[in-house]
S.K.: 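Okay, here's the structure, questions in a sec.
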Amino acid sequence: MQKTKFNILAIFLLFISISFLQGCKDDTVTNAPGGPDVSGLIKLNTVSAIGARANVTLYLEDSLHTGYNKVYAVLYDSLTNVLIEDAHVIPMLTDHATAGPVEEAPKTAVNGKFPFALVFLSPQALDNVMHWNIKIGVHNHGATGEPYGVATFGGLHIKDNVGKYQEKSLPGGTTLYLSYINPKTPTAGLNNFEFLINSSSDTVNFATETSYSIAVKPVLLSNGTVSSSNVNPTPSGDLGHYFGRVNLPTAGTWRINMYMTKTGYSDSTYFDVGF
């Protein structure tokens, strides 16, 4: 009888151990054999681009949020299941009668993935299926006739990225949209600083802004300490990305105050960064 009780106890403990290990299973994406490297990314969903003979899977660097989001599309032929690397991938962002800024994908895949970026202008609850949608147009160059189709990703959850996305209303009805990009994981000392500026007068058509002079002044919110040795951000290219460096000497929440000027206009805004 004692041996029977011991066996029952051992089985019970084994069951608990297995359940615990399953509950602690890593949810990171694993790579399909022969497929592109998507380790460390978050899989959003797989949707068919009807008419294009392509299945589209979207991967994210972080959960979707207001402001700048880097996204990767992986395409497979829906008939042969062969990875598609030659295609015209056209990302679109819609919210009823409005849209959002989009950075285009390259014409050919980069290591099996088509990278692009989206800027969400407002948050969205997970159960709000009639709000933001990501649409991916696909010209499948590898299929006969290079067919075109669109994959629609709905039912999205867009977090409010507090302190890392700002809007500024300009005279004349234009709005500036400022999206924080880097550093993603700040450390003590000098950090590479990157953000994006878009503009629109109708929330349908968006432009990039590269004509602003910007001075930065990081302040530690807990005690008002102001850092020095910062490098003011300047635009690079025509994509609206500004690059500089910010000095964050100690851990805490830093407010990166930004003073913006151009001919006939001056204003200020900020991003909050903590570590």
S.K.: What residues join Leu220 in its hydrophobic cluster, counting side-chain heavy atom gaps under 4.5 Å, either direct or through other members?
M.R.: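 Result for Leu220 is Leu170, Leu176, Leu178, Tyr180, Phe193, Phe195, Ile197, Tyr212, Ile214, Val216, Tyr242, Val246, Leu248, Trp254, Ile256, Met258, Met260, Tyr265, Phe271, Val273, Phe275.
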S.K.: Using modelled atom types and a 3.5 Å cut-off, is there a donor and acceptor pairing between side-chain atoms of Thr66 and backbone atoms of Asn161?
M.R.: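 Between the backbone of Asn161 and the side chain of Thr66 there is a qualifying donor-acceptor contact (under 3.5 Å).
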S.K.: Looking at side-chain heavy atoms only, is the closest gap between His131 and Ser122 below 4.5 Å?
M.R.: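 A side-chain contact under 4.5 Å exists here.
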S.K.: Between atom CG of Asn81 and atom OH of Tyr76, what is the distance when rounded to the nearest 0.5 Å?
M.R.: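 The CG atom of Asn81 sits 7.0 Å away from the OH atom of Tyr76.
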S.K.: Please report the C-alpha distance between His241 and Glu194 in whole Å, then the side-chain angles of each, then the deciding distance to 0.1 Å, and finally whether the side-chain hydrogen bond (donor to acceptor under 3.5 Å, both in side chains) criterion is met.
M.R.: CA-CA 7 Å; His241 288 241; Glu194 178 186 1; 2.7 Å; yes
S.K.: Say you draw a straight line from NE2 of His88 to OH of Tyr148; how long is it, rounded to the nearest 0.5 Å?
M.R.: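 Answer rounded to 0.5 Å: 8.5 Å.
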S.K.: Looking at Asn111, I'd like to know if its CG atom is crowded, meaning that more than 12 non-hydrogen atoms belonging to other residues, nucleotides or ligands lie closer than 6.0 Å.
M.R.: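 12 or below, so no.
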S.K.: Dump the intermediate steps for side chain to side chain contact (heavy atoms under 4.5 Å, CB included) on Leu196 and Glu103, then the final yes or no.
M.R.: CA-CA 11 Å; Leu196 168 68; Glu103 289 183 349; 4.1 Å; yes
S.K.: Please determine if Asp77 and Arg53 form a salt bridge, counting it only when a charged side-chain N lies under 4.0 Å from a carboxylate O.
M.R.: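 Judged by the 4.0 Å cut-off on N to carboxylate O distance, Asp77 and Arg53 do form a salt bridge.
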S.K.: Using modelled atom types only, decide if a donor and an acceptor are shared between the side chain of His65 and the backbone of Tyr68 within a distance under 3.5 Å.
M.R.: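 Indeed, once roles are kept as given, a pair shorter than 3.5 Å links the two residues.
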S.K.: Hydrogens and angles aside, do Tyr72 and Glu61 bring a side-chain donor and acceptor to less than 3.5 Å of each other?
M.R.: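 Yes, a side-chain donor-acceptor pair sits under 3.5 Å.
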S.K.: Tell me the closest heavy-atom pair linking Gly100 and Trp132, and the distance in Å.
M.R.: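 Shortest heavy-atom separation between Gly100 and Trp132 comes out as N-CZ3, 4.4 Å.
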S.K.: Measuring from atom CG of Asn198 to atom CD of Glu167, what distance do you get when rounded to the nearest 0.5 angstrom?
M.R.: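 Rounded to the nearest 0.5 Å, the CG-CD separation comes to 11.0 Å.
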S.K.: Distance from Leu118 atom CG to Leu64 atom CG, nearest 0.5 Å?
M.R.: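 Nearest 0.5 Å value for the CG-CG distance: 8.0 Å.
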S.K.: Does one side chain, of Ser63 or Lys159, offer a donor that lies under 3.5 Å from an acceptor on the other?
M.R.: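 Yes, a side-chain donor-acceptor pair sits under 3.5 Å.
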S.K.: I need the Arg255 CZ to Tyr270 OH distance, nearest 0.5 Å.
M.R.: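 Output value for this atom pair is 4.0 Å.
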S.K.: Give the minimum heavy-atom separation between Ala117 and Lys70, together with the two atoms involved.
M.R.: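 Heavy atoms only, the tightest pair is CB-CD, 4.3 Å.
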S.K.: Hydrophobic clusters join Ile, Leu, Val, Met, Phe, Trp and Tyr when side-chain heavy atoms are under 4.5 Å apart, directly or via other members; which others share one with Leu221?
M.R.: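 Direct or chained contacts put Leu221 with none.
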S.K.: With no hydrogens and no angle check, is any side-chain donor or acceptor of Lys135 less than 3.5 Å from a backbone partner on Ile90?
M.R.: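 It does not hold such a pair.
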S.K.: Compare all side-chain heavy atoms of Val56 with those of Phe153 and state whether any distance is below 4.5 angstrom.
M.R.: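 Sidechains of Phe153 and Val56: in contact.
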S.K.: Can you give the donor-acceptor pairs under 3.5 Å from side chains of residues 201-209 to other protein atoms, not counting sequence neighbours?
M.R.:
residue : atom : partner : partner atom : Å
Asp202  : OD1  : Ser200  : OG           : 3.2
Asp202  : OD1  : Val204  : N            : 2.9
Asp202  : OD1  : Asn205  : N            : 2.8
Asp202  : OD2  : Asn205  : ND2          : 2.9
Thr208  : OG1  : Asp238  : O            : 2.8
Glu209  : OE2  : Ser199  : OG           : 2.7

S.K.: Calculate, to the nearest 0.5 Å, the distance between atoms OG1 and NZ belonging to Thr174 and Lys168 respectively.
M.R.: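 Here the rounded value is 14.5 Å.
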S.K.: Are Lys217 and Asn230 packed together at the side-chain level, in the sense that at least one heavy-atom pair is separated by less than 4.5 angstrom?
M.R.: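 They are not in contact (no side-chain heavy atoms under 4.5 Å apart), so the answer is no.
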S.K.: When you compare the side chain of Ile134 with that of Leu58, does any pair of heavy atoms fall below 4.5 Å?
M.R.: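 The answer is yes, as the side chains (C-beta and beyond) meet within the 4.5 Å cut-off.
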S.K.: What's the shortest heavy-atom distance between Pro186 and Gly274, and which atoms?
M.R.: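 Closest pair (atom of Pro186, atom of Gly274, distance): CG-O, 4.0 Å.
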S.K.: Measuring only between side-chain heavy atoms, which start at C-beta, is Ile136 closer than 4.5 Å to Leu75?
M.R.: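 Side chain of Ile136 against side chain of Leu75, heavy atoms only: no contact under 4.5 Å found.
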S.K.: Grouping I, L, V, M, F, W and Y whenever their side-chain heavy atoms are under 4.5 Å apart, do Leu60 and Ile181 come out in a common cluster?
M.R.: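 Yes; Ile181 is reachable from Leu60 via cluster members.
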S.K.: Indicate yes or no: at least one non-hydrogen side-chain atom of Asn55 is less than 4.5 angstrom from one of Thr57.
M.R.: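 In short, these two side chains do not touch, never coming nearer than 4.5 Å.
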S.K.: Looking at side-chain heavy atoms only, is the closest gap between Asn69 and Phe120 below 4.5 Å?
M.R.: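 Asn69 reaches Phe120 side chain to side chain.
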S.K.: Given side chain to side chain contact (heavy atoms under 4.5 Å, CB included), test Ile84 with Asn140 step by step and report yes or no.
M.R.: CA-CA 8 Å; Ile84 298 172; Asn140 186 353; 3.6 Å; yes
S.K.: Decide if atom CD of Glu104 counts as having more than 12 heavy atoms of other residues, nucleotides or ligands within a radius under 6.0 Å.
M.R.: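 No, not enclosed.
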S.K.: Going by heavy atoms in the side chains, are Leu44 and Tyr59 under 4.5 Å from each other?
M.R.: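 The answer is no, as the side chains (C-beta and beyond) never meet within the 4.5 Å cut-off.
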